[in-house]
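One structure is given here, and the rest of the page talks about it.
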Amino acid sequence: MPGRAELSLRDLVDPGVRTVELMLTTGCNLRCAYCYQRRTAPRSMAPEVLDAAIRQLVSSCLDRPRLTLYGGEPLLAVSLVRRALDRAREWMPRRMKAEIRIVTNGTRLDEEITRLLVSRDVFVTLSFDGIAAAQDDRSPGSFEILDRLLVRLKEDHPEYL
């Protein structure tokens, strides 16, 4: 059939990369007692490593591979978040629409970053402890920050929330 891409048996059995998960930084602005990230000095991913991982992602034969950005708190490495989103957009083949996610504690999710994530169709997973007392054990005042964040998202980006 003209115009139709031909798949090999290898493509059917091994379509390539399905998921890339990148720990952008081990640093975090909260100090949760139960978090394993607190045990070492904060480190960030080298930009070259990030680029290599994105190249792996875009080499996939799948139309919707998944890219997940997390940390520590990935928004402490916002330049790496931007780089990952820019590289994915620049390097993805036209047929590909990767599912991109970020896992964040939400305390650094300001309006500028929110607009960027919304504009790039990035799914946001908020990591929080729920009720005020539990959340404030992570970081005093963080429950109010997250409460305001969720109200702002509902008002400013209802389709996103």
- Item | Carboxylate-amine/guanidinium contact Arg89 Asp121, below 4.0 Å | no
- Message: Side chains of Asp137 and Asp129, heavy atoms from C-beta outward: is any pair under 4.5 Å?
- Response: no
- Task: Any chance you could measure Arg64, atom CZ, to Arg18, atom CZ, to the nearest 0.5 Å?
- Result: 15.0 Å
- Query: Heavy-atom count around Lys97 NZ within 6.0 Å, excluding the residue itself: above 12?
  - Reply: yes
- Look only at the side chain of Tyr160 and the backbone of Val122, and say whether a donor-acceptor pair between them is shorter than 3.5 Å. yes
- Expected output: side-chain Thr25 to main-chain Gly72 donor-acceptor under 3.5 Å: no
- Arg66 and Val20, any side-chain heavy atoms less than 4.5 Å apart: no
- Message: Looking only at side-chain N and O atoms, does Thr107 offer a donor or acceptor that is under 3.5 Å from a partner on Asn29?
- Response: yes
- Item | Interatomic distance, Tyr70 atom OH to Asn105 atom CG [nearest 0.5 angstrom] | 15.5 Å
- Query: When clusters are formed by joining ILVMFWY residues with side-chain heavy atoms under 4.5 Å apart, either directly or through shared neighbours, do Met92 and Leu50 land in the same one?
  - Reply: yes
- Pair Arg148 + Glu111, salt bridge at N-O below 4.0 Å: no
- Note on the structure: Taken to the nearest 0.5 Å, the spacing of Arg101 CZ from Leu117 CG works out to 13.0 Å
- Item | For the student: nearest non-hydrogen atoms of Met23 and Met45, plus distance | O-CE, 3.6 Å
- Task: Establish whether Leu116 and Ile100 are linked, either directly or via other cluster members, by ILVMFWY side-chain heavy-atom contacts under 4.5 Å.
- Result: yes
- Please determine, by modelled atom types, if Glu73 and Thr104 share a side-chain donor-acceptor pair under 3.5 angstrom. yes
- Message: Determine whether a donor-acceptor pair (N or O, by modelled atom type, separation under 3.5 Å) exists between the side chain of Asp136 and the backbone of Phe143.
- Response: yes
- Query: If two hydrophobic side chains count as joined below 4.5 Å and joins carry through other members, does Val118 share a cluster with Val78?
  - Reply: yes
- Message: Rounded at 0.5 Å granularity, tell me how far CG in Leu67 sits from CG in Leu69.
- Response: 4.5 Å
- Measure across Gly106 and Leu149 and return the closest heavy-atom pair with its distance rounded to 0.1 Å. O-CD2, 3.6 Å
- Note, Thr68 side chain near Thr125 side chain (heavy atom, < 4.5 Å): no
- Note on the structure: Nearest heavy-atom approach of Arg138 to Phe128 is NH1-CA, 2.9 Å
- Between CG on residue Asp147 and OG on residue Ser142, distance to nearest 0.5 Å: 11.0 Å
- Message: Just so I know, are the side chains of Glu159 and His157 near enough to count as touching, which here means a heavy-atom distance under 4.5 Å?
- Response: yes
- Query: Which atom pair, heavy atoms only, marks the closest approach of Ala53 to Leu22?
  - Reply: CB-CD2, 3.4 Å
- Ignoring hydrogens and angles, tell me if any N or O in the side chain of Arg120 forms a donor-acceptor pair with the backbone of Leu85 under 3.5 Å. yes
- Non-hydrogen side-chain atoms of Trp91 and Leu57 separated by less than 4.5 Å: no
- Query: Can you tell me how far CE of Met96 sits from CG of Leu62, rounded to the nearest 0.5 angstrom?
  - Reply: 7.0 Å
- Task: For residues Leu80 and Pro74, determine if any side-chain heavy atom of one lies less than 4.5 Å from a side-chain heavy atom of the other.
- Result: no
- Please examine the side chains of Val103 and Val124, heavy atoms only from C-beta on, and report whether any two atoms are closer than 4.5 Å. no
- Taking every heavy atom of Asp110 against every heavy atom of Ile113, the minimum-distance pair comes out as OD1-N, 2.8 Å
- Are Arg87 and Asp51 ion-paired here, with the side-chain N under 4.0 Å from a carboxylate O? yes
- Message: Grouping I, L, V, M, F, W and Y whenever their side-chain heavy atoms are under 4.5 Å apart, do Leu126 and Phe123 come out in a common cluster?
- Response: no
- Message: I want to check something: taking the side chain as every heavy atom from C-beta on, are Leu146 and Gln135 in contact at a cut-off of under 4.5 Å?
- Response: yes
